[in-house]
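None of these values were measured; they are calculated from a predicted model. Only this structure's heavy atoms are used, side chains among them; waters, hydrogens and symmetry mates stay out. In what follows, every chain begins at residue 1, and chains take the letters A, B, ... in the order their sequences are listed.
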Number of protein chains: 2
Amino acid sequence: MREQAAGARSLSRAVFADVRAEILAGVYPPGSKLSPRAIATKSDVSLSVVREALTRLAEQGLVNAAPQLGFSVVSLDLEDVRDISKVRIVIEGAAFKDAIEHADIEYETRVLAAHHRLVRTPIWSDEETHTVSEEWSTAHAQFHSALLSASTSPRLRELAEGLRDTAELYRRWSGTLAVDQPERDIPAEHEALMQAALDRRSDLAEKLIGDHINKTTELLAGYVETHPVEVAALNGVQP
Amino acid sequence: MREQAAGARSLSRAVFADVRAEILAGVYPPGSKLSPRAIATKSDVSLSVVREALTRLAEQGLVNAAPQLGFSVVSLDLEDVRDISKVRIVIEGAAFKDAIEHADIEYETRVLAAHHRLVRTPIWSDEETHTVSEEWSTAHAQFHSALLSASTSPRLRELAEGLRDTAELYRRWSGTLAVDQPERDIPAEHEALMQAALDRRSDLAEKLIGDHINKTTELLAGYVETHPVEVAALNGVQP
DNA sequence: TTTTGAAGAGAAATCGATTTTGTTGTGGAA
DNA sequence: TTCCACAACAAAATCGATTTCTCTTCAAAA
């Protein structure tokens, strides 16, 4: 019997989860080709299994699938960055609002706990190069998930998570420097988000999350615009 | 060489489009099993091709994929009907608003033309049984697409279209009778939607489309609640 | 020197067969 | 009569090989 990731009841799912995690972790540069054969060899499974996993990733939008041309990671595109941001503001805003309107003690506890963990996790893994730590990224994602966790709409939550993942991927690619922002106080923004949730001020919360997303995006878009060379180099790499 | 649907550059895509159209057309009852082998035989392609197509449909949410249990069409679930409606109101509302705010003459022309076609298409194909005609369904879908066609966000439009397809599928399953509504004037609602678009009243438009979706859903939900036997029978069929 | 075309190498898409897993029906024991 | 175990069957998941397409290279002609 071949080993599988826990929880995945089929090889496809295991490979799907693996590749997805690798893409999100930034292992593959934007636009780089994903060779089914290479992945099949590496994971010790057959091609069909990899194809199925890649097909699912393509449907999620994390991978491009061109017939006869194979699969590749999505590339860093300014238009798309802005588009995702727009859609995120709509969806995550609605989900956050809905969550607060259906909040209970459990929800408040989850938000408070996730915020505490986020605050206590060091943001930099390397103070010199300003590299965002893996732990902080995880804590950050979990905090935002917690904010939506009381939403009554599974589909809304699912959409929000998926879009946030893609946005996070873009952030990684644009370099960790992008998080370096003089005129911005991220901990304060998170604090405000938590407070709005605990105070059950759903309209304020919706506005805050929109601003939060907007700021991050504009900074990222600014980076892409001011560093065309680096971005082109990223997109150009085809290992 | 094997024949392919026009535009599909691979067998998978052709099969994907075929099966998707069949599901949307109501060929398969809700919850019914989709046998890869049967489809493969019918379309004269290999199993892997069908599997890939079904995998994509599953990722889109039109099909359930359970490891070791195969694929099946989604079943008619009241919770999900309501959830889809909620999400649609958010997304289609945002897309409609965005479209109006970026409207131009081309857009207005498209909306007007689609509305005209909708008005001129007979709603019933069979006056006795109140069966909604295929032509009207198509015209209706095209009208709603036209309303969003000026939106600047491709992702928003894509999401809206996908959710609308699923909602339309649920409507078909719930029986054509569900469209039969004494206290409702559908042509007037469509007229109002068009007018709001032409007058560029984006806030009003967002509210109107929300109401439009809500009314349809509540009627559908009402049908499911008052006809549990028929719904169970639909979901029970496993050909 | 540049451009065009053909051949070959490499990769993707597809196929049929094999392995694995889930289901159903039967028989025996409680 | 009901429950559990076992076996036969059916279906899905996986695999290795084949076919088809794309990209690159090299040579000949302009």
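Of the two residues contacting DNA chain D, namely B/Leu47 and A/Leu47, the nearest-nucleotide position lying further toward the 5' end is that of B/Leu47.
Of all nucleotides listed (D/dA12, D/dC23, C/dT14), D/dC23 comes nearest to the side chain of A/Leu69. Closest to the B/Val45 side chain, of the nucleotides D/dC15, C/dC15, C/dA13, is C/dC15. The side chain of A/Ser35 lies closest to C/dA12 when the candidates are C/dG22, D/dA12, C/dA12. Here the nucleotide nearest the side chain of A/Pro36, chosen from C/dC15, C/dA12, D/dT14, is C/dA12. Among C/dT14, C/dA13, D/dT14, the nucleotide with an atom closest to any side-chain atom of B/Leu11 is C/dT14. Of all nucleotides listed (C/dA12, D/dC15, D/dA12), D/dA12 comes nearest to the side chain of B/Arg37. Of the candidates C/dT23, D/dG16, D/dA12, the closest approach to any side-chain atom of A/Ser48 belongs to D/dG16. The nucleotide whose nearest atom lies closest to any side-chain atom of B/Gln68 is, among C/dT21, C/dA17, C/dC15, C/dT21. Residue B/Ser10 places its side chain closer to C/dT14 than to any other of C/dT14, D/dT14, C/dC15.
Look at A/Ser12 and you won't find any side-chain N or O under 4.0 angstrom from OP1 or OP2 of D/dA13. Distances shown here put a side-chain N or O of A/Ser46 below 4.0 Å from the OP1 or OP2 atom of D/dC15. B/Arg51 has a side-chain polar atom (N or O) that falls below the 4.0 Å cut-off from OP1 or OP2 of D/dA13.
A straight line from CD of A/Glu52 to P of D/dA12 spans 13 Å, rounded to a whole angstrom. What separates CG of B/Leu34 from C1' of D/dA11 is a distance of 14 Å, to the nearest Å. Protein atom CG of A/Leu54 is 16 Å distant from nucleotide atom P of C/dA11, rounded to whole Å. Rounded to whole angstrom, the span from the CG atom of A/Asp44 across to the P atom of D/dT14 amounts to 13 Å. If you take NZ of A/Lys33 and P of D/dT22, they are 11 Å apart, rounded to a whole angstrom. One atom, CD1 of A/Ile39, and another, C1' of C/dA11, lie 13 Å apart when rounded to the nearest Å.
A salt bridge does not link B/Glu158 with B/Arg155: none of the charged nitrogens is closer than 4.0 Å to a carboxylate oxygen. A salt bridge links B/Arg172 with B/Glu134: the closest approach of a Lys/Arg side-chain nitrogen to an acidic carboxylate oxygen falls below 4.0 angstrom. Checked for salt-bridge contact, B/Glu168 and B/Arg171 meet the test: a charged N lies under 4.0 Å from a carboxylate O.
The aromatic rings of A/His140 and A/His144 sit perpendicular to each other, their planes meeting at more than 60°, with 30° as the lower class boundary.
Residue contacts shown for B/Ala66 are limited to sugar-phosphate atoms, with no base heavy atom under 4.0 Å away.
The structure places CG of B/Leu169 at 14.0 Å from CZ of B/Arg164, a figure rounded to the nearest 0.5 Å.
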